[in-house]
Number of protein chains: 2
Amino acid sequence: MAYAEQFIDKLRKSGLRPTKQRIKICEVLFDTDKTFHFTIKELVKIIENQANIKVSLATVYNTIHAFIKKGYLKEIPLNASQSYYDTNVTHHHHFFDEEENRLIDIHQDDVDEVNIKKTIPGKKIKSVEVIAKIVSDNQSQK
Amino acid sequence: MAYAEQFIDKLRKSGLRPTKQRIKICEVLFDTDKTFHFTIKELVKIIENQANIKVSLATVYNTIHAFIKKGYLKEIPLNASQSYYDTNVTHHHHFFDEEENRLIDIHQDDVDEVNIKKTIPGKKIKSVEVIAKIVSDNQSQK
DNA sequence: TAATACATTATATTTATTCTAAACTGTTGA
DNA sequence: TCAACAGTTTAGAATAAATATAATGTATTA
Ligand SMILES: [Mn+2]
Ligand SMILES: [Mn+2]
Ligand SMILES: [Zn+2]
Ligand SMILES: [Zn+2]
């Protein structure tokens, strides 16, 4: 399936018609081998730089939300001021680089199954996520 | 050390004079056996209900931030719209009840050490946090 | 007391996010 | 062919958490 068709498919399955604004958003988000993490502000900037079309904020937010609802994107609230979004929707974990404000994926296979001994009556665990904050390793202490 | 003195001590160490507004905030946050999680909105409501004094939002935010900076509180951004704060500043993990929007502590001892195989060159891990989302366990499937 | 430093507050500002309403576009069926 | 309709885009307004401001109040010090 060609890229454009994949995007059209994703949009249709999210209940959205494939318009040129939405396909542009898909190109930025999904037309790459790598998954990645972004803020809305960053996404808008990428679109503006790449495209000859302009996409309004409302359309960006609406499309992102439709994709989240459908499971094509995940929201990651790391920060009080601004959400991060993740095109990797598999179950995985993250490093968060506090100096560069950057999220880095950790494959599920790279973390041993997290074993939680505590339980809450009447509740079951739906998902488990690990966030490891990282900083520069100045090995100055001999 | 009596409670009031503890609060005065915490405030002084945070670089704040012990005023009656700030001591009231301390009473709500620290005058209990249990640690707990709260939003600013919830905190303000508790103060209003308990106290005969009124504390402005600016004073609440300023005091909370001074405590975070000093390490007496932790901020937990779980939610894009509003931060949660935690009076438990030990290294620990959380359940997040998605139905009741409630954080529940998981003791560090209740989670086996999280072993991350991946490393990032030049970076070291500063902290590791686990968030397990929980939902009602409707054991309807026989 | 007078001078000074620090606090509190109401209010304004900022900014991410959501909402609104009007203009626009593509599709459908007579 | 084209009018009706459903859905889309957009600018701008509204919302709300968080932060900043600046005037007033209070405590400490000399
Ligand atoms: Mn935190
Ligand atoms: Mn906000
Ligand atoms: Zn990721
Ligand atoms: Zn906690």
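Each chain gets a letter, A, B and so on, in the order the sequences are listed, and its residues count up from 1.
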Angle class for the B:Phe96/B:Tyr84 ring planes (parallel below 30°, perpendicular above 60°, tilted otherwise)?
-> perpendicular
Atom CD1 of B:Ile8 to atom C1' of C:dA7: distance rounded to whole Å?
-> 16 Å
Out of C:dA10, C:dT18, C:dT8, which nucleotide sits closest to the side chain of B:Ala58?
-> C:dA10
How close or far is atom C1' of C:dT8 from atom CG of B:Leu11, stated in whole angstroms?
-> 14 Å
Selection from D:dT28, D:dG7, D:dT10 that lies nearest to any side-chain heavy atom of B:Arg17 | D:dT28
A:Lys117/B:Asp112 salt bridge by N-O under 4.0 Å criterion | yes
Using only side-chain N and O atoms of A:Gln21, determine if any of them is under 4.0 Å from OP1 or OP2 of D:dT10.
-> yes
Give the rounded distance in Å between these two atoms: CD1 of B:Ile64 and P of C:dA7.
-> 16 Å
In whole Å, what is the span from the NZ atom of A:Lys20 to the P atom of D:dT10?
-> 7 Å
Return no unless some side-chain N or O of B:Thr59 is found under 4.0 Å from OP1 or OP2 of C:dT9.
-> yes
Write down the distance between CG (B:Leu16) and C1' (C:dT8), rounded to a whole number of angstrom.
-> 13 Å
The side chain of A:Ser83 lies closest to which of these nucleotides: C:dT17, C:dA10, D:dA11?
-> C:dT17
C:dA5, C:dA10, C:dT17: which one has an atom nearest the side-chain heavy atoms of A:Tyr85?
-> C:dT17
Whole Å only: how far is the CZ atom of A:Arg12 from the P atom of D:dG7?
-> 13 Å
Respond yes when some side-chain nitrogen or oxygen of B:Lys54 is under 4.0 Å from OP1 or OP2 of C:dA10, and no when none is.
-> yes
The nucleotide from D:dT19, C:dA7, C:dA10 with an atom nearest the side chain of B:Tyr61 is D:dT19
salt_bridge(B:Lys24, B:Glu27) N-O dist < 4.0 Å | yes
Between CG of A:Asn62 and P of D:dT9 the distance, given in whole Å, is 9 Å
Answer yes or no for A:Lys10 and A:Phe30: cation-pi contact, defined as NZ/CZ to six-membered ring centre under 6.0 Å and angle to ring axis within 45°.
-> yes
Is there side-chain contact between A:Leu16 and A:Asn62, with at least one heavy-atom pair below 4.5 Å?
-> no
Would you kindly give the CD1-to-C1' distance between A:Ile23 and C:dG26, to the nearest whole Å?
-> 13 Å
Between A:Ser56 and B:Ile40, who's closer to the 5' end of DNA chain D by nearest nucleotide?
-> A:Ser56
Among D:dA17, D:dG7, C:dT9, find the nucleotide with the atom closest to the side chain of B:Lys41.
-> D:dA17
Look at the side chain of A:Gln82 and decide which nucleotide, out of C:dA10, D:dA18, C:dA16, has an atom nearest to it.
-> C:dA16
How is B:Leu57 classified with respect to the nucleic acid when contacts are heavy atoms under 4.0 Å: base, sugar-phosphate, or nothing?
-> nothing
Hey, does the side chain of B:His65 come within less than 4.0 Å of D:dA18's phosphate (OP1/OP2), counting only N and O?
-> no
Measure the acute angle between the ring planes of A:His93 and A:His91, then classify it against the limits of 30° and 60° as parallel, tilted or perpendicular.
-> perpendicular
